[in-house]
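These figures come from a predicted structure and were not determined experimentally. Chain letters run A, B, ... following the sequence lines, proteins first, then strands; residues in each count from 1.
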Amino acid sequence: MTEQQVQQQEESQLVAARRAKMQRWMDDYNVYPWGNRVDGLTSLADARSQFSQEAHDASKEEGGVDDRPRVKVAGRCIQHRAMGKLTFLVIRDETGDLQISCSKSALSTEAFKVASKLDYGDIVVAEGPIGATQKGEICVWADDFTLACKSLVPPPEKFHGISDAELRYRQRYVDMYTNPETIETFKNRSIIIRAIRSYMETGGFVEVETPMMQPLAGGAAARPFSTHHNALDIPLFLRIAPELYLKRLLVGGMRKVYEINRNFRNEGISKKHNPEFTMLEAYEAFGDCETMLELTEGMVRAGAAAVSESMCISFGEIEVDYNKPFDRVSYGDLFEKALGFSMDDEASVRAKGSELHIDGSDNLNHWLLVSAIFDACVEDTIDPTRPTFVTDYPSAISPLTRPHAECDALSHRWELFICGMEIANSYTELNDPDLQLQRFTEQLDGADDEIQAFRTLDDDFIHALRVGMPPAGGLGVGIDRVVMLLTGNESIRDVVLFPLMKPQDSTHEETD
RNA sequence: GGUCGCGUAGCUCAGUUGGCAGAGCACCUGACUUUUAAUCAGGCGGUCUUGGGUUCGAGUCCCAACGCGAUCACCA
């Protein structure tokens, strides 16, 4: 927000009213509007569960003993109904909502005044027996009530929460308290990632952290973000993948390693792409892409089990049953089934390329053309309700992958698709240093000037391979996309707390 | 980056053929001891995203910019 906008907001009438009210409370009732430490708080869900009908009934009898459980709770005011000598308000915390009933006769004059004039958004602490109203609403009958934090900004519409997607992403904190399902999603994200970590640890994988700022951005083909280190006066790139560093760890002698962390790719933004995204990469020495396939199926299932008892989870119109074994189909079979001719049939592939008006279809390498056709019209033929491993990718589009011994056009690589999204990518790693050097060199030769500017041969990685990397399986999993699937959110922006947004106050210098 | 759609009060939205800027909620004042999006009475609130243009007159029509969304491209 610009200073001007902040100023406008602070000058608005609604804010001014809240400031005035706060000042009155400070002057007249000696209220400190910013609160202090509070011990012994009970969550709202906990407090609600402590309600006892017997104790409630007994407390209403003439001369009955009041042994209703006492609770101390805190939350943000989301509803407020003042009725003269009685005020009802509903507060919210991350576990749910609970009504607080404030009777003038049970509270100090000051506390009752504050309660009856409370604003939506104020954070309060209330203490008292947990009981119910005449209509049966479970509530805390407050005998102590204090302001914990004055909210100076009025909340959006009180009943429906905010629906404007832009506002939800820009002011996530407002989205979170007005739309409880937002917190639910991010708690589930945490649960899923914890389940995945636990699954990896159980499998003997060691979590490591490798550089996010790299002198050479390798391990994938994306465009990197670039930055600069002042003291060393060198350019640095935000990593596009941790791959080349994780493999060095296998060279060093670690058997099973994984990393869950952010990658940064300077590419387009879409429902499935945020410029920074969370990726799990795992490498297992003496494994191959088959071991990684089994690992991945178990991992996705562990995540699903952590957030869903039935493990049947809807994603838009699609329902996926994660109990069932995942499908697998080879790249070539899928291609032939979708198009009616083999991907080895160069003439038909060439013809199809022209038909689809694929860029450079006349002189593109056969396998690159196959890949373009595959992306254009074969991927969509995968049943979205069935998690599907597509295996045996062409080597030409898999420069870090070991080719098949019997047919070096194909490689030991698979990708996992669920609901039309690419979720994971895995290969039997190439550990022949000479072949790897050749692949890198070919890749660089094919690159245009712009790509050459940031893609440089990683000599040290080749050196590491010469030292010797054991045969290994490698895996990358798009964690955000897994969370999308397992929480039923169709946009990556709904599973990333603070998705990248264009600044609203962009002052653009016109350079003519 | 291309195409299409949207942008009106704090929020959600209406605004007719181009003719005084509207509603509900929120907010302010008052009443009310069992409310459930409480109710009742009264009141406040606008750079119609921004900048140009057409017109006697523009929220409305035209052009451009900005932001958001959808979609395509890009992303092995």
Side-chain angles (χ1 to χ4, degrees), chain A residues 4-5 8-9 12-18 20-21 78-90 97 99-106 112 116-117 119-121 131-139 141 152-171 174 178 219-224 240-241 263 265-275 277 358-359 365 367-368 370-372 374-376 393-401 411 413 415 422 425 427 439 443 446-447 451 476 478 490-491 493 499 501-508 510:
Chain A
Q4 195 188 5
Q5 280 172 311
Q8 271 173 4
Q9 194 162 13
S12 94
Q13 222 175 30
L14 296 174
V15 174
R18 286 182 176 231
K21 183 183 286 184
I78 58 159
Q79 281 183 47
H80 183 256
R81 292 180 284 274
M83 314 187 55
K85 298 191 179 66
L86 190 61
T87 290
F88 300 103
L89 49 105
V90 179
D97 299 347
Q99 180 168 298
I100 309 295
S101 303
C102 301
S103 166
K104 188 173 186 185
S105 59
F112 183 73
S116 58
K117 287 289 182 186
D119 284 321
Y120 292 94
T133 64
Q134 282 178 3
K135 296 278 171 65
E137 179 77 34
I138 294 172
C139 66
W141 281 103
L152 292 174
V153 178
E157 207 266 347
K158 66 176 175 178
F159 188 60
H160 298 97
I162 47 174
S163 53
D164 179 9
E166 180 177 355
L167 207 60
R168 287 184 41 226
Y169 303 137
R170 287 194 193 276
Q171 297 189 30
V174 174
T178 60
R223 288 175 175 73
I240 55 176
N263 288 344
R265 295 188 180 176
N266 209 337
E267 307 281 358
I269 296 175
S270 79
K271 265 171 106 163
K272 299 177 195 171
H273 299 83
N274 196 56
F277 63 100
I358 287 167
D359 241 8
N365 166 289
W367 288 108
L368 294 181
V370 166
S371 169
F374 187 92
D375 291 349
Y393 272 64
S395 295
I397 54 170
S398 314
L400 296 161
T401 312
S411 63
R413 171 185 176 192
E415 290 196 6
E422 183 190 326
N425 183 12
Y427 14 98
R439 288 281 177 79
Q443 207 182 9
I451 291 175
E490 291 179 83
S491 169
R493 292 187 155 186
M501 304 286 280
K502 266 198 193 178
Q504 281 175 310
D505 53 348
S506 57
T507 44
H508 20 195
E510 305 285 339

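Pair assignment for B/rU12 gives B/rA23, based on Watson-Crick or G-U wobble hydrogen-bonding distances that are each under 3.5 Å. Nucleotide B/rU3 forms a pair with B/rA70, judged by Watson-Crick or G-U wobble geometry with both contacts under 3.5 Å. The partner of B/rC48, taking Watson-Crick or G-U wobble pairs whose two distances both stay under 3.5 Å, does not exist in any strand shown. When both distances must be under 3.5 Å, the Watson-Crick or G-U wobble mate of B/rU17 does not exist. With a cut-off of 3.5 Å on both pairing distances, B/rU33 has no Watson-Crick or G-U wobble partner at all. A 3.5 Å limit on both hydrogen-bonding distances identifies no Watson-Crick or G-U partner for B/rU55. Across all strands shown, nothing is found opposite B/rU60 as a Watson-Crick or G-U wobble partner with both distances under 3.5 Å.
Nearest to the side chain of A/K271, among B/rC27, B/rU34, B/rU71, sits B/rU71. When distances run from any side-chain atom of A/F88 to the nucleotides B/rU34, B/rU33, B/rA26, the shortest one goes to B/rU34. For A/I397, taking side-chain heavy atoms from C-beta onward, the closest of the listed nucleotides B/rU33, B/rU34, B/rA76 is B/rA76. With distances taken from any side-chain atom of A/K21 to the nucleotides B/rA76, B/rC28, B/rC74, the minimum falls on B/rC28. Minimum atom distance to the side chain of A/L86 is reached by B/rU34, of the listed B/rU34, B/rA70, B/rA37.
Between A/E267 atom CD and B/rC74 atom P there is a gap of 11 Å when expressed in whole angstrom units. Atom CD in A/E415 sits about 8 Å away from atom C1' in B/rA76, given to the nearest Å. In this structure, A/M83 places its CE atom 8 Å from C1' of B/rU33, rounding to the nearest Å. Between A/Y120 atom OH and B/rU36 atom C1' there is a gap of 11 Å when expressed in whole angstrom units. Remark: C1' of B/rA37 and CD of A/Q99 are 13 Å apart, rounded to the nearest angstrom. Atom CG of A/L167 is separated from atom C1' of B/rG7 by 13 Å (rounded to the nearest Å). We find that CD1 of A/I240 is positioned 18 Å from P of B/rC74, with the value rounded to whole Å. A/R223 places its CZ atom 11 Å from the P atom of B/rC74, with the value rounded to the nearest Å.
One side chain, A/R413 or A/S398, offers a donor N or O that lies under 3.5 Å from an acceptor on the other.
RNA chain B is contacted by both A/H80 and A/K117; A/K117 maps to the nucleotide lying nearer its 5′ end (nearest heavy atom per residue). Remark on RNA chain B: of its neighbouring residues A/S105 and A/G219, the 5'-side contact belongs to A/S105, judged by nearest-heavy-atom nucleotide.
A donor N or O paired with an acceptor N or O is found under 3.5 Å between the base of B/rU36 and the side-chain atoms of A/T133.
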With side-chain contact (heavy atoms from CB on, under 4.5 Å) as the test, would you mind laying out the steps for A/N263 and A/I240 before giving the verdict?
CA-CA 5 Å; A/N263 288 344; A/I240 55 176; 5.8 Å; no
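Between B/rU17 and B/rG57, the distance separating the two C1' atoms is 15 Å to the nearest Å.
Between A/R170 and B/rC68 there is a side-chain polar atom (N or O) within less than 4.0 angstrom of OP1 or OP2.
Here the straight-line distance linking atom CG of A/N365 with atom CD1 of A/I397 works out to 10.0 Å at 0.5 Å rounding.
As judged by a 4.0 angstrom heavy-atom cut-off over every strand, A/A82 is placed among the base-contacting residues. Across all strands shown, A/W367 has no heavy atoms under 4.0 Å from either base or sugar-phosphate atoms. Using a 4.0 Å heavy-atom distance criterion, A/R439 is classed as making no nucleic acid contact.
Scanning all heavy atoms of the two residues, the minimum distance from A/A82 to A/S116 falls at CB-O, 3.7 Å.
In this structure, the side chains of A/H80 and A/F88 stay at 4.5 Å or more apart for every pair of heavy atoms.
In this structure a side-chain-to-backbone donor-acceptor pair under 3.5 Å is present from A/K21 to A/K117.
Considering A/I138, A/T133, A/L89 in turn, A/T133 is the only one that fulfils the side chain to side chain contact (heavy atoms under 4.5 Å, CB included) rule with A/Q99.
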